[in-house]
Amino acid sequence: MTPLSRAFFDRATAAVARGLLGQRLVRALDGVRLAGLICETEAYGGSDDMASHAFRRTPRSAIMYGPPGYAYVYFIYGMHHCLNVVTEGDGQPGAVLIRGIVPEEGIEALRIRRGGVDDRHLANGPGKVCQALGITVALNGVDLTTSAELFIEPGAIVPDAEVAITPRVGVRGNVAALDRPWRFVWQHPENCQTAVKAV
DNA sequence: TATACGATCACCT
DNA sequence: GGTGATCGTATAC
């Protein structure tokens with residue numbers, strides 16, 4: 001199936017984060033197709049968003065200032081990778097963190113890569129998604145609209161009634177600007193996220 | 001050059 | 001529900 005176009009990502013970051021719910025994240029690894037429906041995302045902005053890596057422009061966050069549709073992969077806590085998708089036009093920083101997927105294809109491979117954990121925990125966290133799909137900083141900067149290794153296909157249509165919107169995870173402090181409701185969770189029956197706090 | 005800490009996870013109780 | 005693992009990056013000196 002044709003991957004999502006660059007125009008899909010060339011929109012307000014929060015709109016892209018909402019729109020990514022239900023889309024299919026595909027990873028071709030060692031000739032095997034690994035895929036799942038995106039069920040949790042978070043939007044990150046630019047200089048007005050203290051929680052974002054792009055709050056200040058640095059060599060690492062420079063990619064968030066570039067054109068949309070590219071992968072931004074970073075390493076954190078000394079042991080985890082996180083996958084982001086760059087949004088908004090060139091010069092306008094923004095990215096969406098992929099926090100969870102519902103496995104669809106290549107589940108056997110996912111189980112092996114995840115070390116035999118319970119299926120509920122295959123990819124229900126940003127670090128787990130990357131481990132399950134074999135995503136590392138080697139994929140940083142990949143063009144998701146043209147790559148054969150990592151891309152996003154049209155998936156399910158997710159109605160608003162099935163979407164929970166909450167403040168973002170892992171953001172410290174009580175600054176009002178950080179409480180923006182930029183976390184989107186698909187309340188899918190097979191979405192094994194930890195309990196979602198009431199909006 | 002040094003140091004503090006983070007968009008996390010797994011395991012222990 | 002609490003806490004240790006573990007290192008790249010940013011920021012200060």
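Below, each value reflects all heavy atoms present in this structure, side chains not excepted, and no hydrogens, waters or symmetry copies. We name chains A, B, ... by the order of the sequence lines, and we start the count at 1 in each one.
Following rounding to the nearest Å, A:Asn140 (CG) and C:dT9 (C1') show an atom-to-atom distance of 14 Å. The nearest whole Å value for the distance from the NE2 atom in A:His81 to the P atom in B:dA7 is 16 Å. One can place OH of A:Tyr74 at 13 Å from P of C:dA10, the figure rounded to the nearest angstrom. Between the CE atom of A:Met50 and the P atom of C:dA10 there is a distance of 16 Å, rounded to whole Å. Distance A:Ile98 CD1 to B:dT8 P: 14 Å, rounded to the nearest Å. Whole-Å rounding puts the A:Arg183 CZ to B:dT8 P distance at 10 Å. A:Leu97 has its CG atom 9 Å from the P atom of B:dC9, to the nearest Å. Distance A:Asn84 CG to B:dG6 C1': 14 Å, rounded to the nearest Å.
Closest to the side chain of A:Met79, from the set B:dA7, C:dT6, B:dC9, is C:dT6. Comparing atom distances between the A:Ser52 side chain and each of C:dA10, B:dA7, C:dG8 picks out B:dA7 as nearest. Ranking C:dT11, B:dC9, B:dA7 by closeness to the A:His80 side chain, first place goes to B:dC9.
In this structure, A:Glu105 pairs ionically with A:Arg33, as a charged nitrogen and a carboxylate oxygen lie closer than 4.0 Å. With salt bridges taken as basic N to acidic carboxylate O contacts below 4.0 Å, none links A:Arg11 and A:Glu88.
Base-pair partner of C:dT6: not found among the strands shown (Watson-Crick or G-U wobble, both distances under 3.5 Å).
Residues A:Leu34 and A:Ile38 share a hydrophobic cluster, clusters being chains of Ile/Leu/Val/Met/Phe/Trp/Tyr side chains in contact below 4.5 Å.
Within 4.0 Å (heavy atoms only), A:Arg114 reaches sugar-phosphate atoms of the nucleic acid but no base atom. At a threshold of 4.0 angstrom between heavy atoms, the contacts of A:His53 include nucleobase atoms, whether or not backbone atoms are also involved. Nucleic acid contact class of A:Tyr77 (heavy atoms, under 4.0 Å, all strands): base.
For the OP1/OP2 pair of B:dT8 and a distance below 4.0 Å, the side-chain nitrogens and oxygens of A:Arg99 include at least one atom meeting the criterion. Dashed line: the shortest gap from a side-chain N or O of A:Arg60 to OP1 or OP2 of C:dA10 is under 4.0 Å. Between A:Arg56 and C:dT11 there is a side-chain polar atom (N or O) within less than 4.0 angstrom of OP1 or OP2.
Ring-to-base geometry places A:Tyr44 in a stacked arrangement with B:dA7 (centre distance under 5.5 Å, plane angle under 30°).
Taking the side chain as every heavy atom from C-beta outward, A:Ile165 and A:Arg18 never approach each other to under 4.5 Å.
Judged by distance alone, with hydrogens and angles left aside, the side-chain atoms of A:Asn124 form no donor-acceptor pair with the main-chain N or O of A:Gly100 at under 3.5 Å.
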